[in-house]
There are 2 protein chains.
Amino acid sequence: MTAPERSAEDLRAAILSGDLAEADRLLPERVLAQRLSVSRSRLRGILDDLAREGLIFRRHGQGTFLKPPPAQAMGRLGVLARRVSPRHLMEVRLELEPAVAAHAAERGGAEDKALLLRLMEDTLRAPDLAGYERADDIFHYKIAEMACNPVFLTLFEEIRSLRQATDWTHARQSALGPDEIAENSIQHGTIANAICASAPAAARQAMRRHLEQVAASLMLRQG
Amino acid sequence: MTAPERSAEDLRAAILSGDLAEADRLLPERVLAQRLSVSRSRLRGILDDLAREGLIFRRHGQGTFLKPPPAQAMGRLGVLARRVSPRHLMEVRLELEPAVAAHAAERGGAEDKALLLRLMEDTLRAPDLAGYERADDIFHYKIAEMACNPVFLTLFEEIRSLRQATDWTHARQSALGPDEIAENSIQHGTIANAICASAPAAARQAMRRHLEQVAASLMLRQG
DNA sequence: AACTAGACCAATTTTGAATTGGTTTCCAGC
DNA sequence: GCTGGAAACCAATTCAAAATTGGTCTAGTT
């Protein structure tokens, strides 16, 4: 495998395989270029394509990621993670994300809507639990992007990072059942359709119901 | 005035006068103690009282303030302030604060409710515009505290700091008219009453209407 | 008992170096 | 002349260590 790979398809596959990443974060561009025996210019061209297709996520001083990147400067939230309960987080999500979905329905562009539908289908095609959770994560993140409001997006990212941080301490007790995944996927479809139909009220309600079910699952699982 | 003041009342007055503060932030306790010729212990005792009464605000590594303190570690939001429009901010407030008011109505304690009513009356008694804006600020902050959810409170503080940061760049065009202040005060009363009556839906609606008027005033003032 | 003085702890900010994506420049080779 | 690679440089972020500041404890003094 020391022989350099050349074709663009090979490069895309190598990047998306995850072998050149550490915890969903790709190696720095300079290292990656050397590792793949390509110039940085060409590598960046391919990364641009992947980012346009929504397959990778880049942020300036932070890196390139296979999932939406973590919130920046977790100064306050880092210490918050200790004293925040899943209940607190769910309360906020239950208010924030339906509002974000409504705004996404109002302002989302045609391109983004097409991409959102594709991402929704990705959650259906997910082969295993890890793949489903990744697709689900990207789906929700895309909705937050479509709201076209940097404040909403920043708040969403902070909540998302905080959730992952607390999930870490609370020992990762997700373990969704297949029936729950099926139900979630149906709701994802309802949400995506409402947004693509530019129906803010419907999108808001669909997202609220979705999160209410997620909350119910969590409560069941931990009293 | 080099003679030391001794009585507790004199000390309280000196602290609240603002002469020993810089931009709503009091001098460090050590300096303040020396300036007032008291021991730090006694000063802290008085500061404790003032904080309990809601007249000053303290935060560990940050300082002691005459108004609610700024959000901590404005990492992302600091750079956001440049590209965020008042419209973006208002959209978020319009979703967040009604939700916060609803939760405050659900969970607020009896003591906090009494204090909230007193703070509402303070907005009525405000002598000038600056005094009114300060009282208004404290009133809204108290509601966010009463929601008893550290995540909601943190988000609220970030939005509040972001608003002040953008107001700074956008050249402070507040200039509320007396009739607007009167209308706002009536709405504050409605909000406070709903919260004190433990009526979440009413509190949510009252806060939404209040913010809708604030938004309308802003739009009028800047197109 | 109340107050003072001082040392020490804990949370936050601040500062500067290091990291990383983004951009420009220059140059070889066709 | 144009394309693509290489290097330098720019800009945004992270990281780590020092400085700042409120919080706590102990001992001593009146």
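Chain letters run A, B, ... following the sequence lines, proteins first and then strands; every chain starts at 1.
The aromatic rings of H140(A) and H188(A) sit perpendicular, their planes meeting at an angle over 60°, well past the 30° parallel limit.
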Do any N or O atoms of the protein come closer than 3.5 Å to N or O atoms of nucleotides 25-30 of chain C, and which pairs are they?
none

**OP:** Do nucleotides 1-8 of chain C as a string where each nucleotide becomes B, S or -: B if the base has a protein heavy atom under 4.0 Å, S if just the sugar-phosphate does, - if no protein is that close.
**Re:** ---BB-BB
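The CG atom of L26(A) sits 16 Å away from the C1' atom of dT19(C) (whole-angstrom rounding). R58(B) has its CZ atom 12 Å from the C1' atom of dT24(D), to the nearest Å. The nearest whole Å value for the distance from the CZ atom in F57(B) to the C1' atom in dG23(D) is 19 Å. One interatomic measurement links the two molecules: CD of Q34(A) to C1' of dA7(D), which rounds to 14 Å at whole-angstrom precision. Atom CZ in R44(B) sits about 15 Å away from atom P in dT21(D), given to the nearest Å. In this structure, the CD atom of Q72(B) is 15 Å from the C1' atom of dT14(C), given to the nearest Å. Look at CZ on R59(A): it is 8 Å from P on dT14(D), rounded to the nearest Å. L50(A) places its CG atom 14 Å from the P atom of dG21(C), with the value rounded to the nearest Å.
We find the CD-CD1 distance between E97(A) and I143(A) to be 8.0 Å, quoted to the nearest 0.5 Å. Here the CG atom belonging to L36(B) is positioned 5.5 Å from the CG atom belonging to L20(B), to the nearest 0.5 angstrom.
Look at Q62(A) and you won't find any side-chain N or O under 4.0 angstrom from OP1 or OP2 of dT20(C).
Shortest non-hydrogen contact noted between L66(A) and R134(A) is O-NH2, 2.7 Å. In this structure, I56(B) and A51(B) approach most closely via the heavy-atom pair CG1-N, 3.6 Å. In terms of heavy-atom proximity, S185(B) sits nearest to Y132(B) at OG-CE1, 4.0 Å.
Comparing P70(A) and R25(B) against DNA chain D, the residue whose closest nucleotide sits nearer the 5' end is P70(A).
When side chains are defined from C-beta on, V214(B) counts as touching M90(B), because their heavy atoms get closer than 4.5 Å. Side-chain contact between L153(A) and E157(A) is present, with heavy atoms from C-beta onward closer than 4.5 Å.
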**OP:** Would you please test R52(B) and D49(B) for salt bridge (charged side-chain N to carboxylate O under 4.0 Å, His left out) and show each step?
**Re:** CA-CA 5 Å; R52(B) 252 190 304 274; D49(B) 292 340; 2.7 Å; yes
